[in-house]
Amino acid sequence: SIQGLLIAAAFAASSGFAVSPRPRVLATRAHAEPPQKIVEVDLGDRSYPIYIGDGLLTGDASAAAGYLQPHIAGNQVLVVTNEVLAGLGYLERTVAAIKHGPKGEKLRVETLVLPDNDDSPSESTKTLENLGVICDYAIEKALDRKVTFVALGGGVIGDMVGFAAACYVRGVNFIQIPTTLMAMVDSSVGGKTAVNSKAAKNMVGAFYQPVAVIADTASLKTLPDRELASGVAEVIKYGLIRDAPFFEWLECEGVDGMIGRDPAMLIKAVELSCVNKAEVVAADEKEADLRATLNLGHTFGHAIETKSGYGTWLHGEAVGIGTAMAADLSLRLGWIDEALRDRAVKLLKRARAPVALPKDSPLDESSFRSIMAVDKKVANGQLRLILLKGELGNCVFTSDFDQAKLDETISLFCAAENRT
């Protein structure tokens with residue numbers, strides 16, 4: 001139960017935080033035309049729905065309006081997206097849905113298209129400068145505190161627009177429309193918003209919840225294979241840290257189904273991921289302890305992204321290597337057996353996620369340590385990691401581990417003979 005999770009969070013010890021809950025089924029329900037699921041994020045008077053389905057926004061404008069318009073409180077809307085999605089027609093469809101019908105006719109909709117191209121890959125645009133571009137544009141258009149910001153895109157757009165919504169006139173409503181698997185299963189849910197600094201990823205941001213998340217899995221049909229695989233790597237995390245039956249389903253058919261873009265498999269994977277994420281957010285919104293467990297592999301992964309240059313790696317790719325490193329360290333500490341480590345790595349490989357550094361990676365042992373030292377999860381000067389412990393579906397968030405074993409893991413992955 002949620003009460004049990006809250007009690008578990010209250011017993012976080014200074015030496016570490018262990019959690020192995022089996023997720024309850026949240027308020028998840030089927031809905032009519034187009035077929036969908038709804039997962040509720042329970043945060044009291046700030047609760048909000050996650051709509052999940054195939055064709056929610058890419059189909060009929062009237063049906064799409066039914067998901068968007070109820071969450072627009074005022075008469076002004078700012079839709080922010082990138083040039084890739086605008087070119088694919090998603091911006092046009094979203095604006096048409098917002099402006100559909102009698103209510104839509106009364107709405108003023110402004111749009112802003114940010115760069116995303118070979119010269120400016122998506123992650124490299126997640127900056128304070130572009131945060132300023134969004135806010136300055138809203139000011140230029142004289143948008144007031146009743147405006148609703150709409151984030152139409154992947155994790156980069158969602159993080160930046162969410163942070164802009166938190167900052168603009170000290171807070172306006174915003175809606176997340178994630179268009180990548182990564183954003184659907186992770187970044188759009190839970191209110192983490194941020195931009196990158198030159199020295200570290202996501203270090204400047206705020207916890208700020210959306211009023212709704214609309215995950216139209218039909219948008220994944222145009223997602224490049226590499227980005228799809230990146231999202232699958234993030235899905236695997238939930239099974240490893242807290243949901244063994246989910247991991248077993250992923251092993252059996254889920255990963256192959258997602259990679260094959262099976263609509264039903266994608267909806268199921270997004271739904272179960274969101275159930276897990278929503279339950280954790282409801283219990284620990286601002287990452288005191290429990291929510292940190294969702295960052296399995298991220299401390300290693302963020303170091304990889306930062307040193308390599310933002311945009312070189314997709315987030316899920318870096319997390320794939322980071323998860324392999326976390327599993328290796330967990331094994332070295334004697335906290336899991338070799339079989340579990342092998343299952344984790346094997347499933348990541350099936351998801352087409354990298355599990356080793358490439359030969360030309362600039363990462364070395366020194367850069368891993370220096371970047372990890374400024375990770376967001378460092379507290380009182382101590383590095384805290386999420387590691388697997390015990391049977392499948394169990395993990396700990398702790399600073400109480402043998403530093404020498406961490407050094408061994410870093411050395412192993414940095415060694416020239418282990419690069420691919």
Sequence-distant partners of His100, ring pair (Phe, Tyr, Trp, His ring centres under 6.0 Å), two or more places apart: none

List in chain and number order the residues that pass ring pair (Phe, Tyr, Trp, His ring centres under 6.0 Å) with Phe149, two or more places apart in sequence or in another chain; answer none if no residue qualifies.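 Once residues adjacent in sequence are excluded, the partners of Phe149 under the ring pair (Phe, Tyr, Trp, His ring centres under 6.0 Å) criterion are Tyr168.
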
What orientation do Phe300 and Phe368 show, parallel under 30°, tilted 30 to 60°, or perpendicular over 60°?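 Ring orientation of Phe300 relative to Phe368: perpendicular.
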
According to the interplanar angle, ranging from 0 to 90°, do the rings of Trp249 and Phe246 count as parallel (below 30°), tilted (30 to 60°) or perpendicular (above 60°)?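 Answer is parallel, since the angle falls under 30°.
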
Would you list the pairs meeting salt bridge (Lys or Arg N to Asp or Glu O under 4.0 Å) in which at least one residue belongs to residues 228-238, sequence neighbours left out? Asp186-Lys237, Glu234-Lys237

Side-chain donor-acceptor distances from residues 128-138 under 3.5 Å, at least two apart:
from: Asn130; atom 1: ND2; to: Thr125; atom 2: O; distance (Å): 2.8
from: Tyr137; atom 1: OH; to: Thr111; atom 2: O; distance (Å): 2.8

Give me the one residue out of Glu305, Lys192, Lys126, His298 that meets side chain to side chain donor-acceptor pair (under 3.5 Å) with Asn202.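 Going through the options one by one, the only one that passes is Lys126.
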
Residues forming a side chain to side chain donor-acceptor pair (under 3.5 Å) with Arg343, sequence neighbours excluded: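 Result, side chain to side chain donor-acceptor pair (under 3.5 Å) vs Arg343: Glu251.
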
Is it true that, when you exclude Glu365 itself, more than 12 heavy atoms of the residues, nucleotides or ligands shown sit nearer than 6.0 Å to its CD?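 Correct, the count exceeds 12.
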
Answer yes when Asp225 and Arg261 have at least one side-chain N-carboxylate O distance shorter than 4.0 Å, and no when they do not.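 A salt bridge links Asp225 with Arg261.
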
Output yes when Arg341 and Glu338 qualify as a salt bridge under the 4.0 Å nitrogen-oxygen rule, no when they do not.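 Yes, charged N to carboxylate O under 4.0 Å.
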
Check: Asp364 main-chain N/O paired with Ser367 side-chain donor or acceptor under 3.5 Å: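 Indeed, once roles are kept as given, a pair shorter than 3.5 Å links the two residues.
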
So which atom in Leu181 and which in Gly231 form the shortest heavy-atom distance, rounded to 0.1 Å?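 Residues Leu181 and Gly231, closest heavy atoms: CD2-C, 3.7 Å.
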
Donor-acceptor pairs are to be reported for all side-chain atoms of residues 317-331 against protein atoms at under 3.5 Å, with residues two or more places apart or in another chain.
from: Glu317; atom 1: OE1; to: Arg226; atom 2: NE; distance (Å): 3.3
from: Glu317; atom 1: OE1; to: Arg226; atom 2: NH2; distance (Å): 2.9
from: Glu317; atom 1: OE1; to: Leu314; atom 2: N; distance (Å): 2.9
from: Glu317; atom 1: OE2; to: Arg226; atom 2: NE; distance (Å): 2.6
from: Thr323; atom 1: OG1; to: Val319; atom 2: O; distance (Å): 2.8
from: Asp328; atom 1: OD2; to: Arg332; atom 2: NE; distance (Å): 2.6
from: Asp328; atom 1: OD2; to: Thr409; atom 2: OG1; distance (Å): 2.7
from: Ser330; atom 1: OG; to: Ala326; atom 2: O; distance (Å): 2.7
from: Ser330; atom 1: OG; to: Leu388; atom 2: N; distance (Å): 3.0
from: Ser330; atom 1: OG; to: Leu388; atom 2: O; distance (Å): 3.3

